[in-house]
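Have a look at the structure below before the remarks.
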Amino acid sequence: MKQPKRYLITAALPYANGLKHIGHLAGAYLPADIYVRYLRAQKRDVVFVCGSDEHGTAIPIQATKEGTTAQAIIDKYHPIIEQNFNDLGISFDIYHRTSSPIHHETASEFFTALNNKGDLITKESEQYYDEQAQSFLADRYIKGTCPNCGFQAAYGDQCESCGKSLSPDELINPVSTLSGNTPVKKLTKHWYLPLDRHEDFLRKWIIEEHGNDWRSTVVGQCKSWIDGGLQPRAVTRDLDWGVALPDDVEGGKGKVLYVWFDAPIGYISATKQWALNTGKDWRPYWEDQDTKLIHFIGKDNIVFHCIIFPVMLQLHGNILPTNVPANEFMNLEGDKMSTSRNWKLEMEDYINDFIKPANGGSQLADTLRYYLTAIAPESKDSEFTWKGFQDANNSELVSIFGNFINRALVLMHKLCNGKVPPLHNELLDELDHATIEAIQQSKEKIEQLLEDYKFRDAQFEVINLARIGNQYMQKKEPWILAKQLAENPAAQQLINNCLHICLQLTANLAILSNPFLPFTAKKICYLLKVVDKILDWENAGSMKLLSVGYSLRAPELLFRKIEDEEITIQIEKLKAAAVNKESITTTSNTNNNQSVDTATAITGESADKSPVKPEIVFDDFAKIDLKVGTIVTAEKVEKADKLLKLQVDLGFETRTIVSGIAMHFAPEAIVGKQVTVVCNLAPRKMRGIESNGMILMAEDANGKLHFINPEDPINPGSGVS
RNA sequence: GGCGAGGUAGCUCAGUUGGUUAGAGCGCAGGAUUCAUAACCCUGAGGUGAUGGGUUCAAUUCCCAUCCUCGCUACCA
């Protein structure tokens with residue numbers, strides 16, 4: 001394989017509206033960092049870019065929530081997230097932000113270039129407009145009653161109570177959050193990226209050229225999108241937060257680039273800023289075919305990085321990604337990680353509990369890195385458990401890796417006067433040679449695995465080399481030889497050979513573990529009194545890393561054990577936090593996006609749920625005709641998971657009502673049940689069946705639905721008031 | 001419902017272009033040892049490979065159906 005001239009590595013841009021959890025870390029940042037550290041050790045020309053995604057409507061929304069400005073929100077989260085990454089050893093060359101002038105410029109130019117070439121199309125459509133604020137309303141600036149769950153403060157794009165994706169048109173009683181007025185429909189023009197024009201290119205590029213070397217989950221996902229037929233995608237929005245359209249674009253006033261369009265360009269602007277900082281030229285990294293561009297992301301972002309952004313890049317004359325090694329998701333203690341349900345472990349929390357100097361320091365950063373890599377969801381979803389975390393640390397990092405290095409150093413101090421002993425070549429036996437050979441083999445294996453983005457396997461080889469070291473030492477038993485010194489002084493030479501090899505192996509472990517466990521590698525260097533330069537990858541496999549007679553530091557432990565109480569505390573903390581949340585749903589509002597959030601908005605903390613809706617007068621209430629009905633028949637609706645078709649006896653008539661409760665009740669189990677029905681609701685067709693009314697339901701903290709019905713059976717048709 | 005990815009030892013996961021006794025780590029059991037953070041080392045037990053069919057001399061690996069999990073999507077008045 002021809003070696004590329006340079007590498008550009010990107011990790012998904014985190015959305016700066018909240019803290020990020022370990023699922024994000026394991027999904028994109030950690031594998032990217034391992035890869036980058038390896039490339040740097042190889043002395044390759046590599047740039048690792050990332051940064052905060054600071055546009056999109058969720059930011060100003062979060063601002064409203066926190067009672068502050070959008071700028072204040074991003075200024076708050078950007079540095080925290082950056083610091084979190086830093087504490088965990090994620091070694092970006094630049095952690096940029098999309099609110100920077102250079103990004104605005106870059107994104108704006110990108111738009112202009114495509115627009116001028118005729119690569120974008122425009123369409124006019126009706127959208128909600130706030131006449132008082134004189135502004136079109138982005139989906140998230142419209143609130144109303146969720147048609148699904150009745151939650152009053154549902155947003156125009158999604159109801160944060162039930163998680164349902166919405167369009168503003170679906171909201172009942174839409175209200176502008178800017179003025180509180182009812183918005184009106186008004187014609188507006190928007191620019192679109194006609195993805196449908198590029199289906200052939202994508203099919204050829206992804207399916208034919210990369211069908212075999214990209215991960216199957218990635219190719220499968222792309223194929224699914226392409227086969228489903230691609231649609232033009234809006235690249236602009238009516239909003240005042242984001243990258244404004246260039247002044248010279250007709251009709252562009254008051255519009256910004258849609259966040260999904262501007263965010264990936266953030267990779268380019270970050271590269272530019274890095275080039276400015278370092279006096280380099282950014283262009284080859286995005287324009288020269290000899291550059292290997294790799295996007296590390298979570299599976300939720302596959303479509304953006306494999307379909308949409310590549311189309312943009314291609315139209316703009318940039319290079320395309322060589323690979324997009326997307327990870328699946330990481331679950332936590334038996335359940336999906338979820339911001340809204342507060343079932344998560346944030347980087348910030350881990351850092352506070354384990355990495356702060358008082359609690360263990362940076363060695364615990366490596367422990368997290370180790371475990372997350374060991375269970376990386378490379379081919380399917382995986383699961384983080386605190387017990388697993390403890391086991392991985394205690395039985396692998398402590399007992400095998402740390403222990404080998406410790407016993408080598410301790411023995412060297414005891415049996416060799418604290419100096420690197422000489423090697424007596426003439427006395428080397430088969431085992432010695434095999435062990436030396438194993439070091440070289442480990443290096444080659446790790447190298448190959450890393451090049452193939454198989455990080456968990458690669459890391460396993462590192463631990464395995466330490467295991468080989470333990471086995472070697474066990475067979476050589478230098479402590480036994482030491483007891484024979486009195487009658488057999490020549491035994492010292494065997495001791496020397498054993499420890500010489502163990503120490504060289506230790507130095508090799510520093511090099512090989514460096515991409516995965518950078519803090520540990522550094523500490524090994526400290527113990528061996530060698531400079532960090534030794535970590536250059538080319539040194540791996542060498543048996544001459546430490547010179548004979550060199551005196552080394554007294555041993556210090558590389559890792560500490562993690563006690564049962566520590567993980568018990570964490571598990572309790574997790575459960576307590578989750579229980580404290582009110583109004584939890586089991587529907588799709590899990591938002592466990594584990595990477596950049598572009599158009600699909602990580603919603604961050606849950607919505608401000610005012611416990612009581614705004615006051616209404618009696619007449620408003622009296623308009624609703626509520627009656628008790630009895631379910632006569634119930635059947636599943638074809639091709640719909642959530643719908644049941646019910647015949648409800650209302651006394652004066654029996655009518656058809658379609659209700660989205662199929663996930664909660666078996667049809668046969670609810671026949672005969674009494675329910676409360678809104679019977680003067682306008683009819684609505686669902687899946688081709690006309691529904692004449694609505695069944696009232698109550699939702700408990702677990703998201704389970706319950707009927708609202710009379711205590712004792714009463715006549716169908718009885719009024720409710 | 002459609003599409004995509006998975007369902008392999010108690011746990012976390014590999015692997016097989018179809019071919020003799022299906023692998024690893026952890027955990028567990030037994031043994032050995034004491035240099036080492038009650039650590040290491042050796043040995044062992046554990047899988048009718050989701051289920052049911054089919055193709056084949058031969059299937060865990062190919063095909064079909066069913067069930068389950070996850071993601072995208074439709075559906076929730």
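Below, chain A is the first sequence line, B the second, and so on; all start at residue 1.
Electrostatic pairing of Glu566(A) and Arg560(A) counts as a salt bridge here, judged by a charged N lying under 4.0 Å from a carboxylate O.
Annotation: salt bridge (Lys or Arg N to Asp or Glu O under 4.0 Å) contacts of Lys673(A) (sequence neighbours excluded): none. Residues satisfying the salt bridge (Lys or Arg N to Asp or Glu O under 4.0 Å) test with Asp227(A), not counting sequence neighbours, are Arg203(A), Lys223(A). In this structure Ser659(A) satisfies the side-chain hydrogen bond (donor to acceptor under 3.5 Å, both in side chains) test with no other residue, sequence neighbours excluded. By the salt bridge (Lys or Arg N to Asp or Glu O under 4.0 Å) test, Arg215(A) is found to be paired with no residue, residues two or more places apart in sequence or in another chain being considered. Legend: residues meeting side-chain hydrogen bond (donor to acceptor under 3.5 Å, both in side chains) with Glu199(A), ordered by chain and number and at least two apart, are absent. Legend: residues meeting salt bridge (Lys or Arg N to Asp or Glu O under 4.0 Å) with Lys475(A), ordered by chain and number and at least two apart, are absent. With sequence neighbours left out, the side-chain hydrogen bond (donor to acceptor under 3.5 Å, both in side chains) criterion links Asn508(A) to no other residue.
The side chain of Val398(A) sits closest to U37(B) out of U37(B), G15(B), C40(B). Nearest to the side-chain atoms of Asp381(A) among the listed nucleotides C70(B), A36(B), A39(B) stands C70(B). Of the candidate nucleotides G25(B), U34(B), A39(B), U34(B) has the atom lying nearest to any side-chain atom of Ile480(A). Side-chain proximity of Arg456(A) to C35(B), C13(B), C40(B): nearest is C13(B). Side-chain proximity of Leu643(A) to U34(B), G25(B), C76(B): nearest is C76(B).
Taking the side chain as every heavy atom from C-beta outward, Asp366(A) and Phe516(A) never approach each other to under 4.5 Å.
Between Lys336(A) and G71(B) there is a side-chain polar atom (N or O) within less than 4.0 angstrom of OP1 or OP2. Look at Lys414(A) and you'll find a side-chain N or O under 4.0 angstrom from OP1 or OP2 of A36(B).
Under 3.5 Å, the side chains of Asn393(A) and Thr367(A) contain a donor-acceptor pair of N or O atoms.
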Cut-off 3.5 Å, no hydrogens considered: what does the side-chain donor-acceptor table look like for residues 452-464 of chain A, sequence neighbours left out?
residue, atom, partner, partner atom, Å
Asp452(A), OD2, Gln448(A), NE2, 3.3
Arg456(A), NE, Ala374(A), O, 3.4
Arg456(A), NH1, Ala376(A), O, 2.7
Arg456(A), NH2, Ala374(A), O, 3.0
Gln459(A), NE2, Tyr370(A), O, 3.0
Asn464(A), OD1, Arg467(A), NE, 3.3

Would you tabulate the nitrogen or oxygen pairs shorter than 3.5 Å linking the protein to nucleotides 2-7 of chain B?
residue, atom, partner, partner atom, Å
C3(B), O2', Ser224(A), OG, 2.8
G4(B), O2', Gln221(A), N, 3.4

Quick test: give all pairs of protein nitrogen or oxygen and nucleotides 61-64 of chain B nitrogen or oxygen below 3.5 Å, distance rounded to 0.1 Å.
none

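When the C1' atom is compared between G7(B) and C11(B), the two are found 16 Å apart, to the nearest whole Å. Going from the C1' atom of A45(B) to that of U56(B) covers 35 Å, rounded to whole Å. Across A24(B) and A9(B), the matching P atoms stand 14 Å from one another, rounded to whole Å.
One interatomic measurement links the two molecules: CD of Glu378(A) to P of G15(B), which rounds to 10 Å at whole-angstrom precision. We find that CG of Leu411(A) is positioned 19 Å from P of A39(B), with the value rounded to whole Å. Whole-Å rounding puts the Asp457(A) CG to G15(B) C1' distance at 10 Å. For the pair Gln474(A) CD and U33(B) P, the computed distance is 11 Å after rounding to whole Å. Computed from coordinates, the Ile307(A) CD1 to U73(B) P distance equals 14 Å when rounded to whole Å.
Within a 6.0 Å radius of CD in Gln231(A), no more than 12 heavy atoms belonging to other residues, nucleotides or ligands are found.
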Secondary structure of RNA chain B in dot-bracket form (Watson-Crick or G-U wobble, distances below 3.5 Å, | marking inter-strand pairs):
(((((((..((((.....[...)))).((((.........)))).....(((((..]....))))))))))))....
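Geometrically, Arg553(A) engages Tyr526(A) in a cation-pi contact, judged by NZ or CZ lying under 6.0 Å from the ring centre and within 45° of the ring axis.
For the segment residues 462-471 of chain A, residues with any heavy atom less than 4.0 angstrom from an atom of RNA chain B are, sorted by number, Arg467(A), Asn470(A), Gln471(A).
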